[in-house]
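Indexing begins at 1, ligand by ligand and atom by atom, following the structure's order. Side-chain atoms are counted along with the backbone in the values below, which use heavy atoms only and exclude waters and symmetry mates.
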Amino acid sequence: MGKVLQTQEQAMAVDSLRRYLAAEVDPLFAREYRDRFVPREVMAGLMRRLSEFGLVSGAVSERAGGLGLDWLTSLMLFEEVAACSVDLSVPVLINSFGAYLLEQVASPELRERYLPGLVAGDTFVSMGISEADVGSNVMEVRTRARRDGNHWVISGEKTWISNGAYSDFLICLCRTSDDPRGGLTQILIDLHEHGYEVRGIDKIAFNSQSTAQIFLDDVRVPVSNTVGEEGGALKRTLSHFEKSRAFVAAQSLGLGRRALEEAVAYARERRQHGKVIAGHQLIAAMLAEMATQVDAARLLVHRAAQLFDAGQGAEMEAAMAKYFACEMAVTVARQAVQIHGGNGVTRDYLVEKLAREAIVCPIPEGTTQIKQLIIARALTGVAAF
Ligand SMILES: Cc1cc2nc3c(=O)[nH]c(=O)nc-3n(C[C@H](O)[C@H](O)[C@H](O)COP(=O)(O)OP(=O)(O)OC[C@H]3O[C@@H](n4cnc5c(N)ncnc54)[C@H](O)[C@@H]3O)c2cc1C
């Protein structure tokens with residue numbers, strides 16, 4: 001990996017996190033939980049430790065009990081988690097944005113009740129946007145919340161919900177009126193008080209953490225559990241995507257970097273035609289291309305983070321980072337498999353898993369095609385969707 005400009009504080013934070021992950025977490029995901037579901041107590045233990053390093057806690061201000069890290073530092077730390085395990089990066093990402101949302105817009109009562117657990121790593125949140133028929137177009141959300149006195153009565157089905165089986169509460173995007181733009185509201189549904197049914201989804205990868213369907217059947221929730229103002233959730237969800245997309249980009253960046261590291265190590269060891277394969281020009285060219293792609297993705301991620309830190313809008317820049325980094329991960333992971341030859345498609349080598357994981361990356365948080373549409377809209381002022 002090329003040099004990265006870091007302050008002394010950032011370098012120390014990244015270094016100590018990297019050492020912890022290599023010593024204690026990497027072996028866990030490489031062996032015991034390779035493609036196996038990590039039970040909630042184990043995942044919570046990891047989240048507690050990561051919180052000490054600034055993951056999740058970094059997304060919340062010191063005033064609200066967090067570490068209040070800047071976006072760039074948070075993304076540097078997040079890249080390390082993803083380079084160790086994309087499975088582990090998912091609850092970090094979802095809890096971070098759940099915590100961020102609660103601090104930004106929830107009532108003081110909801111904040112006091114739900115934020116400390118997330119920051120400490122004791123509890124998990126899910127963010128419920130997607131539905132069976134609602135993916136790329138958030139405006140079409142159908143899960144309905146109707147008023148009944150001081151309660152919402154919520155019915156519907158959410159799907160692809162990360163943290164689903166871990167979550168203590170769900171921040172659910174609901175339709176509260178028929179106005180396509182002004183009719184969406186976020187409502188906090190507490191699993192332990194209001195209940196919801198969770199069913200896991202088995203996937204090509206990302207199976208060590210939870211992705212689930214969530215079923216809501218006339219769930220009664222107090223109106224005081226509304227997160228932010230009624231009808232204001234579409235605008236907020238789209239603006240949160242700007243930030244969360246940079247994290248999904250950093251997830252792919254970590255994955256691509258790990259594939260490169262594995263390929264470099266293998267190319268230095270494996271001998272064919274009388275020398276290590278790193279000494280064959282076509283392998284050297286592939287490694288050079290992979291490293292350049294990984295670093296280009298990092299520069300896009302860091303640029304988006306710097307714009308966030310400067311308080312500037314970065315919709316196009318975050319979309320570019322997500323688009324490029326996710327497609328980079330697919331290409332680089334495939335090249336890493338190629339460099340491993342036959343060994344690369346066996347479960348004895350990590351690159352097999354990385355290649356499966358990479359295929360997933362261009363889908364969540366807005367697909368590659370949606371990213372292209374956002375970038376083109378910013379360039380031309382014409383929406384092609
Ligand atoms: C591992 C994983 C975790 C996830 N976690 C969450 C979560 O925690 N919470 C949550 O709410 N959701 C989550 N999602 C859902 C994710 O956000 C959606 O899968 C994504 O938005 C795409 O929606 P879709 O799957 O319905 O695809 P669709 O929207 O049906 O798209 C299908 C294809 O059509 C393309 N397409 C769609 N519209 C257009 C257009 N206008 N022009 C050109 N092409 C188009 C897409 O790019 C895609 O290739 C997760 C998904 C995955 C895979």
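Between Arg144 and Asp178 there is a salt bridge, since at least one side-chain N of the basic residue sits less than 4.0 Å from a carboxylate O of the acidic one. In summary, Lys353 and Glu357 engage in a salt bridge, as defined by a charged side-chain N under 4.0 Å from a carboxylate O.
The part of Leu373 lying near ligand 1 is the side chain, judged by heavy-atom distances below 4.0 Å. Residue contacts with ligand 1 for Glu365 involve N, CA, C or O but no side-chain atom from C-beta outward (heavy atoms, distance under 4.0 Å). Residue contacts with ligand 1, taken as heavy atom pairs separated by less than 4.0 Å, involve Thr367 solely via side-chain atoms from C-beta onward.
A donor-acceptor contact closer than 3.5 angstrom links the side chains of Lys203 and Thr211. A donor atom on one side chain and an acceptor atom on the other are found under 3.5 Å apart for Thr226 and Trp152. With no hydrogens or angles considered, a side-chain donor-acceptor pair links Asn343 and Tyr266 at under 3.5 Å.
For atom 23 (O) of ligand 1, the nearest non-hydrogen atom of the protein is Gly135 CA, 3.2 Å. The nearest heavy-atom contact from the protein to atom 20 (C) of ligand 1 is Ile363 O, 3.6 Å. Looking at atom 3 (C) of ligand 1, its nearest protein heavy atom turns out to be Ser162 OG, 3.5 Å. From the protein, the heavy atom lying nearest to atom 39 (C) of ligand 1 is Ile370 CD1, 4.0 Å. Nearest protein neighbour of atom 18 (C) of ligand 1, counting heavy atoms only, is Ser130 OG, 4.1 Å. If you check which protein heavy atom lies closest to atom 9 (N) of ligand 1, you get Met127 O, 2.9 Å. Regarding atom 6 (C) of ligand 1, its nearest protein heavy-atom neighbour is Trp160 O, 2.6 Å. Here the protein heavy atom with the shortest distance to atom 27 (O) of ligand 1 is Ser136 OG, 4.3 Å.
Using a 4.0 Å threshold on non-hydrogen atoms, atom 49 (O) of ligand 1 counts as touching the protein. In this structure, atom 34 (O) of ligand 1 has its sub-4.0 angstrom surroundings free of protein heavy atoms.
A cation-pi arrangement is not found for Arg40 relative to Phe124, the charged atom failing to lie both closer than 6.0 Å to the ring centre and inside a 45° cone about the ring normal. Under a cutoff of 6.0 Å and an axis angle of 45°, Arg199 and Phe215 form a cation-pi pair. In this structure, Lys243 fails the cation-pi test against Phe97, since its NZ or CZ atom is not both closer than 6.0 Å to the six-membered ring centre and inside 45 degrees of the ring normal.
Numbered from 1 in the order shown, with element, the atoms of ligand 1 that lie under 4.0 Å from a heavy atom of Ile129 read 10 (C), 11 (O). Atoms of ligand 1 found under 4.0 Å from any heavy atom of Phe385 (numbered from 1 in listed order, with element): 41 (N). Close approach to Ile161 involves these atoms of ligand 1, each under 4.0 Å from a residue heavy atom: 7 (C), 8 (O), 9 (N), 10 (C), 11 (O).
Within the 4.5 Å cutoff, no side-chain heavy atoms of Leu50 are placed close to those of Leu77.
You'll find the ring centres of Tyr100 and His240 inside the 6.0 Å limit.
A donor-acceptor pair under 3.5 Å is absent between the side-chain atoms of Arg142 and the main chain of Glu131, judged by distance alone.
Taking a 4.0 Å cut-off on heavy atoms, Asp133 fails to register as neighbouring ligand 1.
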